[in-house]
Amino acid sequence: MKYTTKALHAKYPKQDSHNALRMPIYQNAAFEFESAEALEDVFCGRKTGHAYSRASNPTIEEFENKVKFITSANGVIATSSGMSAITNTLFALLKAGDSVVTTNKLFGHTLSFFQTTMVDFGITVHYVDICDSNSIEDVIDDTTKVIFFETISNPELVIPDIGLLSSIARKHNLLLVCDSTMTPFYLFDSKKYDINIDILSATKYISGGGTTIGGLIIDNGNFDWTTYQNLKKFSDGFGSNAFVAKLKKQTFRNIGACLSAQSAYMLSLGLETLALRADRTGENIKALASFLSNHEKIKSVNYPMLDGNKFQKLSNEYFLFPGSVLTFDVANKSEAYKFMNSLKLIRRSTNIQDNKSLIIAPYHTIYAEYSVLEKESFGLREGTLRLSVGIEDIEDLISDISSALDEI
Ligand SMILES: *Cc1c(COP(=O)(O)O)cnc(C)c1O
């Protein structure tokens with residue numbers, strides 16, 4: 001079975017008591033038990049069952065079950081947001097004194113999490129050139145546990161050499177953790193590239209209509225936890241499920257950043273049409289990238305599929321297509337703002353991978369708190385615009401952009 005058939009027909013092992021054809025929204029906090037013994041059995045893990053929705057809930061489990069079936073993962077945990085998926089994963093894997101290797105080419109709030117929260121909790125973070133093996137190997141020492149990267153960085157659209165990262169991770173027995181939000185599992189098979197933990201913001205392509213904040217932690221089941229000291233207790237008790245067990249019985253349960261049943265329902269619905277919507281954005285973005293590249297008022301266009309883009313080869317190798325976000329530059333801030341304010345269809349908004357096309361000037365918004373030098377190092381300029389391409393009819397998108405460019 002391929003993506004959409006799987007998303008529609010994943011088997012959920014528990015029959016709904018009314019035979020609902022779609023999993024209902026179990027919007028309740030607690031579940032009751034027939035006997036004191038049955039309650040004890042679930043609490044002690046002797047029987048599976050739901051006791052309290054912060055730990056598990058049928059609607060959330062059905063969403064996780066679908067993702068697990070689609071990705072052939074070992075385990076999937078849905079979380080309240082993409083950020084909480086990242087937080088839970090790193091808090092489950094690391095402790096004070098450990099170090100992580102990553103890059104500064106990261107989504108803004110992920111970078112802020114590494115630069116502030118992780119540091120406050122005693123974790124050292126090394127920012128390296130993720131495309132250069134020497135730069136990575138130079139910082140690896142006994143304290144290093146994790147390499148973290150984004151499949152395509154947002155908004156600079158840097159694509160790391162994942163083959164290189166996986167060989168370094170294997171050589172030093174490190175966990176390879178990626179944020180694949182820009183290229184979810186329909187576009188990219190993280191298991192095929194030896195990635196151990198795949199994290200996504202489900203808020204983006206999966207929700208589709210920008211309906212819901214949510215996140216996913218996917219354990220590909222390809223790491224030997226017996227070699228990983230921080231999870232020793234869990235690998236002794238749960239073997240290949242050590243990571244999921246630590247999340248469920250400790251980190252995820254204790255942090256409490258669970259999804260709501262209502263949100264799980266929306267995300268489960270979005271999952272079913274992901275391929276249809278993604279394919280449509282893929283056609284639209286190709287047409288727009290080419291239109292913008294040929295327009296005299298545009299200084300440059302950044303989309304990995306374009307000829308001359310330095311990541312074109314890696315992009316073709318890894319992804320069905322490199323997502324629905326591109327950036328382009330006009331001369332300066334005043335042109336960028338004039339252009340944005342002249343758009344009649346495309347919305348001024350911070351989200352990505354919505355059904356609607358969205359635009360933002362990241363230099364002046366998402367990255368406003370960074371210095372000029374830092375912003376330059378992220379590849380941002382005053383006239384950089386990030387466009388997330390939706391599923392509108394392409395003629396209407398081109399006409400909107402074309403008229404707005406006439407205004408500058
Ligand atoms: C949006 C985003 C996140 C954060 O996800 P939320 O659901 O907003 O918490 C993390 N990484 C990337 C690449 C994102 O685009």
Side-chain angles (χ1 to χ4, degrees), residues 60 63 67 76-91 100 102-118 130 148-160 162 177-188 190 195 197-218 252 255-260 262-264 266-267 270-271 274 278 281 285 302 304 311 318-319 322-327 349-356 358-360 362 365-367 378-380 386-390:
I60 298 164
F63 172 54
V67 175
V76 174
I77 293 186
T79 61
S80 60
S81 66
M83 286 316 303
S84 72
I86 293 171
T87 307
N88 270 286
T89 299
L90 293 170
F91 280 171
V100 181
T102 188
T103 155
N104 67 3
K105 315 252 182 260
L106 293 173
F107 173 71
H109 294 165
T110 307
L111 185 59
S112 165
F113 173 69
F114 278 123
Q115 289 177 332
T116 57
T117 317
M118 291 288 268
I130 204 106
F148 181 97
F149 68 100
E150 292 175 1
T151 50
I152 302 184
S153 75
N154 169 11
E156 203 184 333
L157 312 183
V158 169
I159 302 176
I162 303 174
V177 179
C178 80
D179 175 338
S180 70
T181 302
M182 293 283 273
T183 57
F185 30 79
Y186 172 61
L187 304 182
F188 171 68
S190 65
I195 289 159
I197 313 290
D198 184 2
I199 298 170
L200 291 100
S201 166
T203 315
K204 314 291 167 55
Y205 253 139
I206 294 175
S207 97
T211 59
T212 309
I213 302 280
L216 282 168
I217 304 170
I218 301 173
F252 173 74
I255 288 178
C258 58
L259 200 60
S260 75
Q262 172 76 41
S263 296
M266 299 304 286
L267 294 174
L271 208 55
L274 171 64
T281 63
I285 198 166
N302 182 14
F311 299 110
Y318 302 145
F319 312 123
S324 61
V325 176
L326 61 73
T327 64
S349 174
T350 185
N351 198 13
I352 55 167
Q353 296 163 346
D354 192 308
N355 290 338
K356 298 183 186 80
L358 308 175
I359 196 156
I360 194 165
T365 51
I366 305 171
Y367 293 89
F378 305 148
L380 294 173
R386 183 186 79 184
L387 177 65
S388 171
V389 179

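Order of listing sets the numbers, starting from 1, for every ligand and every atom in it. Numbers for residues simply follow the sequence, beginning at 1.
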Ligand 1 atoms in contact with Ile352 (distance to a heavy atom under 4.0 Å): 15 (O)
As an exercise, identify every atom of ligand 1 less than 4.0 angstrom from a heavy atom of Thr203. 6 (P), 7 (O)
Sub-4.0 Å atoms of ligand 1 with respect to non-hydrogen atoms of Gly214: 7 (O)
Under 4.0 Å from any heavy atom of Asn154, which atoms of ligand 1 are there? 15 (O)
Quiz question: by atom type and distance under 3.5 Å, do the side chains of Asn351 and Ser349 form a donor-acceptor pair? no
Flag, side chain of Ser190 to backbone of Ile195, donor-acceptor distance under 3.5 Å: no
What about Thr110: any of its N or O atoms under 3.5 Å from an N or O on ligand 1? no
Sub-3.5 Å N/O-N/O distance, Gly82 and ligand 1: yes
Given 3.5 Å as the limit, does a donor-acceptor pair link the side chain of Ser84 with the main chain of Ser81, or not? yes
Pick one of side chain, backbone, both or neither for how Lys204 approaches ligand 1, counting any non-hydrogen atom pair under 4.0 Å. side chain
Could Lys204 and Phe107 be counted as a cation-pi pair, given that NZ or CZ must be under 6.0 Å from the ring centre and within 45° of the axis? yes
Please determine if Met83 has a nitrogen or oxygen closer than 3.5 Å to a nitrogen or oxygen of ligand 1. yes
So the atoms of ligand 1 within less than 4.0 Å of a heavy atom of Asp179 turn out to be 10 (C), 11 (N), 12 (C), 13 (C)
In terms of residue, atom name and distance, what is the protein heavy atom nearest to atom 4 (C) of ligand 1? Phe107 CE2, 3.5 Å
Just by modelled atom types, is the Thr212 backbone N or O under 3.5 Å from a matching donor or acceptor in the Ser263 side chain? no
Kindly determine whether Ile199 and Ile197 satisfy side chain to side chain contact (heavy atoms under 4.5 Å, CB included), including the steps that lead there. CA-CA 6 Å; Ile199 298 170; Ile197 313 290; 4.3 Å; yes
Kindly say whether Gly214 contributes a backbone atom to a donor-acceptor pair with the side chain of Thr203 at under 3.5 angstrom? yes
